[in-house]
Engineer: 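Handing you this structure, nothing more for now.
The analysis underlying the following values was restricted to heavy atoms, covering all of them including side chains, and did not include hydrogens, waters or symmetry mates. In this text, all values refer to a predicted model and were calculated from it rather than measured experimentally.
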Amino acid sequence: MEFFTLFCTAFLLAGGLYWFVCILGSAEQKGKHAVQLSGGSIAKENVQDNYQQYWSFFRRPKEIEKAEKVPAFVDTFYNLVTDIYEWGWGQSFHFSPSVPGKSHREATRIHEEMAVDLLNVKPGARILDAGCGVGGPMRAIAAHSGANVVGITINEYQVNRARTHNKKAGLDKQCEVVCGNFLQMPFADNSFDGAYSIEATCHAPKLEEVYSEIYRILKPGCLYVSYEWVTTELYRGDDPEQVEVIQGIERGDALPGLRSYKDIAQVAKTVGFEVIKEKDLAKPPANPWWTRLKMGRIAYWRNHILVTVLAWLGIAPKGVVDVHEMLFVTADYLTRGGETGIFTPMHMILCRKPESKSVSSST
């Protein structure tokens with residue numbers, strides 16, 4: 001009888017672990033499983049050290065002012081978080097307004113398709129995804145528009161993940177992924193029919209540098225749309241609670257510093273763009289984007305227990321536990337930023353590169 005009880009207990013534990021890891025643990029059918037969590041391109045034994053190095057960046061504020069330090073800092077961040085994002089969130093590393101009657105995945109796809117609809121490109125057009133991550137938006141946009149999408153990300157691990165997903169989706173002929181810095185892109189002048197960035201340029205230490213590069217690679221007359229992370233008109237820099245929220249978002253998302261909504265259009269105009277439209281897509285009648293974070297609290301604790309166990313067993317790197325906790329704390333700051341209205345991750349700006357000026361011939 002004791003053997004039977006022990007057998008049943010072991011069976012239930014094994015079954016529960018399988019359900020926890022292989023069924024409940026995956027964000028998407030084509031996403032990551034918990035047992036696959038890693039530190040990206042960082043060796044397993046170095047993940048915890050790299051996590052400490054990431055936080056040391058914020059302990060030395062002067063480092064944030066050095067633009068040349070930021071790309072490596074952002075690269076480290078995405079090595080640390082990419083697997084966790086993909087496991088717990090999906091293949092699109094951004095927010096979207098919730099849509100009544102639609103799942104989070106469907107709302108995300110709608111938000112992505114709107115970006116390319118604004119570009120008004122035709123099938124076969126060549127468009128740029130500046131800061132493509134593992135390529136969730138790229139695939140949705142390519143499938144929706146028929147355009148050929150070239151994505152660029154600074155993180156080599158994300159390049160490999162994006163290429164794997166592109167191939168699984170049957171979109172590898174339509175989607176190309178390049179490892180590089182969007183502040184110095186390896187593309188020819190006037191070589192793209194459109195460009196977009198979805199919650200990516202917030203990592204640029206100076207927005208004019210990435211906007212200048214996008215302006216350079218666009219053909220004259222073509223459009224660029226960006227969803228920007230910014231503080232809103234409600235943000236008060238003399239309010240300690242509001243400052244804490246914004247700094248919490250910056251620390252937990254590898255941001256050299258959040259910009260004000262007032263700066264975006266001015267920067268675009270400074271580099272030569274014509275600003276066609278500017279709108280905060282998070283404002284009513286849009287439904288809140290941060291409810292997804294609040295609804296994920298139970299899932300977080302479930303996942304955190306699982307990550308802790310996997311790290312204890314040596315399956316996941318020890319530093320992954322710290323990274324997962326950091327992201328949960330950051331989710332709380334993001335929620336507070338959304339609820340108070342002092343922060344938005346979807347300040348949309350639509351720009352056009354002016355047509356080339358014709359040179360009149362002398363008579």
Engineer: Under the criterion side-chain contact (heavy atoms from CB on, under 4.5 Å), I'd like the reasoning laid out for Thr330 against Leu334: C-alpha separation, chi angles, the key distance, then a yes or no.
Structural biologist: CA-CA 6 Å; Thr330 306; Leu334 288 163; 4.1 Å; yes
Engineer: Let me see the working for His165 and Glu86 under side-chain hydrogen bond (donor to acceptor under 3.5 Å, both in side chains), right down to the final yes or no.
Structural biologist: CA-CA 12 Å; His165 287 309; Glu86 197 174 333; 2.5 Å; yes
Engineer: Assigning hydrophobic clusters by single linkage (Ile, Leu, Val, Met, Phe, Trp, Tyr; side-chain heavy-atom cutoff under 4.5 Å), is Leu128 placed with Leu171?
Structural biologist: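 Each belongs to a different hydrophobic cluster.
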Engineer: Within 45 degrees of the ring normal and closer than 6.0 Å to the centroid, is that where the cationic atom of Arg292 sits relative to Trp89?
Structural biologist: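 Yes, Arg292 sits over the ring of Trp89.
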Engineer: What pairs of residues pass the salt bridge (Lys or Arg N to Asp or Glu O under 4.0 Å) test when at least one of them lies in residues 256-279, not counting sequence neighbours?
Structural biologist: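 The answer is Glu274-Arg352.
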Engineer: Would Arg216 and Asp189 pass as an ion pair if we require N to O under 4.0 Å?
Structural biologist: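 The answer is yes: the pair qualifies as a salt bridge.
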Engineer: Main chain of Asn155, side chain of Thr153: is a donor-acceptor contact present, judged purely on distance under 3.5 Å?
Structural biologist: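 Present.
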Engineer: Check the pair Glu112 / Arg105 against salt bridge (Lys or Arg N to Asp or Glu O under 4.0 Å), numbers first and verdict last.
Structural biologist: CA-CA 11 Å; Glu112 292 164 350; Arg105 193 185 304 181; over 6 Å; no
Engineer: May I ask you to say whether Asp193 pairs ionically with Lys219, meaning some side-chain N is under 4.0 Å from a carboxylate O?
Structural biologist: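 Salt bridge: yes.
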Engineer: Using only atom types and a distance under 3.5 Å, with no angle test, would you say the side chain of Arg109 pairs donor to acceptor with the backbone of Ala140?
Structural biologist: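 Checking the backbone N and O of Ala140 against the side chain of Arg109, no donor-acceptor pair under 3.5 Å is found.
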Engineer: Say whether Gln91 and Arg139, considering side chains only, have a donor N or O and an acceptor N or O under 3.5 Å apart.
Structural biologist: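 There is such a pair between these side chains.
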Engineer: Would you check if the side chain of Asp253 reaches a backbone N or O of Leu255 as a donor-acceptor pair within less than 3.5 Å?
Structural biologist: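 Flag not set: sc Asp253 to bb Leu255 has no pair under 3.5 Å.
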Engineer: Any idea which heavy atoms bring Ala130 and Ala200 closest together, and the distance?
Structural biologist: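 Minimum heavy-atom contact is O-CB, 3.4 Å.
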Engineer: Please assess Met138 against Tyr196 for the test side-chain contact (heavy atoms from CB on, under 4.5 Å), listing each intermediate value before the final yes or no.
Structural biologist: CA-CA 10 Å; Met138 171 193 299; Tyr196 67 88; 4.1 Å; yes
Engineer: Check whether Tyr157 and Ile154 end up in the same hydrophobic cluster, where Ile, Leu, Val, Met, Phe, Trp and Tyr are linked by side-chain heavy atoms less than 4.5 Å apart.
Structural biologist: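 They do not share one cluster, since no chain of ILVMFWY contacts under 4.5 Å joins Tyr157 to Ile154.
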Engineer: For a quick check under 3.5 Å, do Thr232 and Thr344 share a side-chain donor-acceptor pair by atom type?
Structural biologist: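 Result is no, nothing qualifies.
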Engineer: Under a 3.5 Å cutoff, is there a donor and acceptor pairing between the side chains of Gln48 and Asp322?
Structural biologist: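 Side chains of Gln48 and Asp322: pair found under 3.5 Å.
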Engineer: Is there a side-chain contact (heavy atoms from CB on, under 4.5 Å) between Glu228 and Thr201 once you walk through the steps?
Structural biologist: CA-CA 7 Å; Glu228 294 285 348; Thr201 57; 2.6 Å; yes
Engineer: Does Gln158 offer a backbone N or O that forms a donor-acceptor pair with the side chain of Thr82 under 3.5 Å?
Structural biologist: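 The answer is no, because no donor-acceptor pair under 3.5 Å joins these two groups.
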Engineer: What class does the angle between the rings of Phe95 and Trp229 fall in, given that below 30° is parallel, 30 to 60° is tilted and above 60° is perpendicular?
Structural biologist: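 Answer is tilted, since the angle falls between 30° and 60°.
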Engineer: Could you check whether the rings of His324 and His304 sit parallel, tilted or perpendicular, using 30° and 60° as the cut-offs?
Structural biologist: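 Plane angle under 30°, so parallel.
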Engineer: Relative to each other, are the rings of Phe93 and Tyr85 parallel, tilted or perpendicular (30° and 60° limits)?
Structural biologist: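 Phe93 vs Tyr85 ring planes: perpendicular.
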Engineer: Quiz question: by atom type and distance under 3.5 Å, do the side chains of Ser41 and Glu156 form a donor-acceptor pair?
Structural biologist: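 Side chains of Ser41 and Glu156: no pair found under 3.5 Å.
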Engineer: Is Tyr51 reaching over with its side chain to a backbone N or O of Asn46, donor-acceptor style, under 3.5 angstrom?
Structural biologist: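 Side chain of Tyr51 to backbone of Asn46, a donor-acceptor pair under 3.5 Å: no, none is there.
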